Amino acid sequence: MRWSNALIPTLKETPADAVAPSHSLLLRAGMVRQLGAGTYTYLPLGFRVLNKAIQIVREEMDAAGAQELLMPAVHPVELWQESNRFGIMGEILMKLNLSGEGGGPTHVLGPTHEEVITDVARDLIKSYKQLPLTLYQIQTKFRNEARPRFGILRTREFLMKDAYSFDADVAQLNQSYDAMYEAYCRIFDRCGFPYVAVEAESGPIGGDASHEFMVPCAIGEDVVIHCAKCSYAANREKAEIGQVAAAAAGEAAPYQEVATPGRKTIREVCEFLKLPEARSAKFLIYMADDRPIGALVRGDHELNEAKLRRVSKAERLVPADPGPIEKIAGASIGSIGPINLAQKIAVYMDRSVAALADVVVGANREGFHLTGVVPARDLTHGEVHDLRNAEKDDPCPRCGSAMELSQGIEIGHVFKLGTKYSDALNATFLNDKGAAVPLIMGCYGIGVNRILAAAVETGHDANGIIWPLNLAPYEVVLVPLQVQNAAVMEAAALLEQQFTEAGVDVLVDDREQRPGVKFKDADLIGIPLRVVVGERGLKDGTIEVKWRTDEAAHTVPAANAGETILAELQARHAAIAEKCNERRAERAASRNR
RNA sequence: CGGGGCGUAGCGCAGCCUGGUUAGCGCGCCUGCCUUGGGAGCAGGAGGUCACCAGUUCGAAUCUGGUCGCCCCGACCA
C-alpha cells in the first residue's frame, strides 16, 4: 500500500475527550473515529489490526477443534423470555419493535448468544454420538451500556468471538473447557500480552466455574486480587478471603441503645461514639428476586453483591429503595440494623462481623444505635458467610499470605454453564442408554476490540503506539526520503516488491513530506519495522533499519537489503513463536504436576 | 439514574462575564515559492446556519428557558 493513496488521517493534537492512552492514540493514529457514545468506525488502518486479531482468534479456535458459524444479531424476543433473561438482562438489552404496529418489543439485538445457540442445538443435536461439539462465531454484539467508556474499551456495539461447547457429561465438559482455556492462552501469547487468568464470577451468564483473562493496566475496569506466594488470582467480584481469627468473646454486658442524633453515615456515627469504623457494622437491605434480605458487613468493608447473590440464591439482586427499607426496619437508612429483623427478612452476616467481640449497629429507631452488640450472642439468627470485597493485605484463601490488588482489562472469559440453558430451552439429547438428558454447555468469549485497546494500553510510548508484530496493521513501513529522486524510489520499489512477494505487509510512505513528518507518523501508527531509503544511505550503499522497540537504527548493505531485512523479520517471528511454545510447554508441565 | 464539565471550521482553542460592522487564532487542507534525516519558512486561499428550539432585545455566539449530544466521577454491568 502506498501511503499517498491510503486514508490514514493522523492528528498532531490529542482530541480533548480522549482520556485513556489507547483512546487518544488510536484516534491520533487515524485508526478509529467516534460516531456517538460507544460507537466507533474502524478506519482502514484500525480495521487491519482488528482483522489481524480476528485471524489469530480464528486460527486458534479452529486448531482447538471448534467450528465456525454465524448467527443473527436480531433475535425474537420470545427466545429471551423462554430463558427468562429478558427481564434479568434489563436495560442492557436493545429492544426493537418490528411489528409495524404499536406494542412491546418483538425483537432484541443480541448481547450474547446462549439462547440462539441453544435453539440451534436443541433442533440439531439429538445423539450423544454428535458430542462433544464446540461452535463459535465472530460477530457484532449489542449492549446498551449505561456508560460507554475509554474509547473502544467499553462500547455499545462490539465484536465478540463467542464459542459454545456441548457435551454429554461433566468429564467431557471439562475437556472442552480446558481446550478453550488453552486456546485462549495461545491467542494472548501470540498477541504478546502479559495476561493473567483469574478465577471469576460467572454473573448473569450463569454456571458454576469461570476464568477471566486479564491484561494488567491502569485504566482496567476490573480489580484483580492475587497472592504473590501461592499464585492464587481472582477477580475481586469472586475473590475469596482467608479465615481471620475470631476475637475472644469475654463476659460482656448486654447491648445498649445510645442516641446518635443526626449521625447517619458510618463515619459520623463512629466519630461520635469515638470508635474505629472496624468496630461498627452496616446493614444493607437488598431485593433478592422481589424478596427483601439484609446483609451485615463491617463499617470499613465493602459488600460484595456477587457473593450475597450467591448465598441468597437470587437470580437478580438490587439494592432496595429507601421506601420499603423504612417500612421494614421502622427507621431510615442510617439507623437500621439487624437486631429484631430476623422474623421479617433473611439476614446474612459477613465473617469479619461474626469475628468481632462486640460491634455497633443501627437500632431500627430513628437517631439511635446499639453498642456492645456481641455477634456470637445477639446475632445468632444470621447466616455467616464471606460476603465482602477482598482488600489489600487480606489473607489468601489458599495459603493465608497477604494478598495484593491490581487493575486489569478483561479480554476473555470462559464459563462452565452446565445445563442452565439446555434446561430452560429444553435442549436434550439421547445418551447411550437411550435416555433424553439435557446438553451440558460451556461458553467462551473474547472481546476482539479489547485486544486492540489492551495492545495499545500495554504498548505505547511518548511517540505513539508500539504494535506487537502479530497485530500490527503493516509489519513494515518503507520510507523513501526523497520521492523526487528516481534512484531512491527505484530502490524502495524493489524492496516493496520483495516484501510483498514474501507475504509481508508493507506500507510505503511515498508522500512528499519532509523526513521529520514521516518519522513522526511512522512512530505514531506504531509499525514494528521501519526501513528508510535515502540519498545519503544509497551513496554509502546502505539502507537504514529501525525496530519500533529499539532505541537506535542500524544499517544493512543496500545490495541485498531485501533478504537481510526479511531474515531479521523472520527471526523476530521465530522468537515469538518459540516463546509461545515455551509457555505452552510450561502450561502442559504444570497440568501434569 | 445522581453529580460535575463541555458543545464556536476536520483537530486544538479564544471570544461569552460586560449583547453592537464582515466571528478570530494555531494545526491540518488547497495554490505558488523555498526547504529536504525527527511534525521547516514565506505569500496567497478555501472552509463556520457559533448543537438545536423558543424567548428577551432595535440588535444574540454572548442574556433567559427548554431540548439534544459528548466527556469525566459515581451507580449499574457481559
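Note: hydrogens, waters and symmetry copies are ignored here, and every other heavy atom, side chains too, is used. As the structure is a computational prediction, the values presented were derived from the model and not from experiment. Residue numbers begin at 1 in each chain, while the letters A, B, ... track the order of the sequences.
Here B/G41 sits opposite B/C33 as a Watson-Crick or G-U wobble pair (both hydrogen-bonding atom distances under 3.5 Å). Using Watson-Crick or G-U wobble geometry with both donor-acceptor distances under 3.5 Å, B/A75 finds no partner in any strand shown.
The residue A/P111 sits apart from the nucleic acid: no heavy atom pair falls under 4.0 Å.
In terms of polar N and O atoms assigned as donor or acceptor, the side chain of A/R530 comes within less than 3.5 Å of the base of B/G38 in a complementary pairing.
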When you compare the protein's N or O atoms with those of nucleotides 66-73 of chain B, which come within less than 3.5 Å of each other, and at what distance?
from: B/C70; atom 1: OP1; to: A/A37; atom 2: N; distance (Å): 2.8
from: B/C70; atom 1: O3'; to: A/Q34; atom 2: NE2; distance (Å): 3.4
from: B/C70; atom 1: O2'; to: A/D17; atom 2: OD2; distance (Å): 2.9
from: B/C71; atom 1: OP1; to: A/Q34; atom 2: NE2; distance (Å): 2.9
from: B/C73; atom 1: OP2; to: A/R147; atom 2: NH1; distance (Å): 3.1
from: B/C73; atom 1: OP2; to: A/R147; atom 2: NH2; distance (Å): 2.7

Contact pattern, 5' to 3', of nucleotides 23-36 of chain B - B, S or - by protein heavy atom under 4.0 Å: ---BSS------BB
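Look at CE on A/M94: it is 17 Å from P on B/C77, rounded to the nearest Å. Counting to the nearest Å, the P atom of B/G74 and the CZ atom of A/R154 are 12 Å from each other. Rounded to whole Å, atom P of B/C77 lies 12 Å from atom CD1 of A/I88. The nearest whole Å value for the distance from the CG atom in A/L303 to the P atom in B/A75 is 13 Å.
Listed by first and then second residue, the ring pair (Phe, Tyr, Trp, His ring centres under 6.0 Å) pairs involving residues 138-165 of chain A amount to none (not counting sequence neighbours). Every pair passing side chain to side chain donor-acceptor pair (under 3.5 Å) that includes a residue from residues 445-460 of chain A is listed here, sequence neighbours excluded: A/S22-A/E457, A/Y42-A/N449.
Note that A/K420 lies outside the cation-pi zone of A/F415, set by a 6.0 Å cut-off to the ring centre and a 45° limit from the axis.
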Residues 483-491 of chain A side chain polar contacts: donor-acceptor under 3.5 Å, at least two apart:
from: A/N485; atom 1: OD1; to: A/A487; atom 2: N; distance (Å): 2.8
from: A/N485; atom 1: OD1; to: A/V488; atom 2: N; distance (Å): 3.1
from: A/N485; atom 1: ND2; to: A/E535; atom 2: OE2; distance (Å): 2.7

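Applying the salt bridge (Lys or Arg N to Asp or Glu O under 4.0 Å) criterion to A/R267, with sequence neighbours excluded, gives A/E277.
Of the residues near RNA chain B, A/V517 and A/R450, the one whose nearest nucleotide (by heavy atom distance) lies more toward the 5' end is A/V517.
Here B/C77 is the nucleotide among B/C77, B/G38, B/C11 with the atom lying nearest to any side-chain atom of A/E305.
With respect to A/E157 and A/K141, no salt bridge is recorded, no charged nitrogen being found less than 4.0 Å from a carboxylate O.
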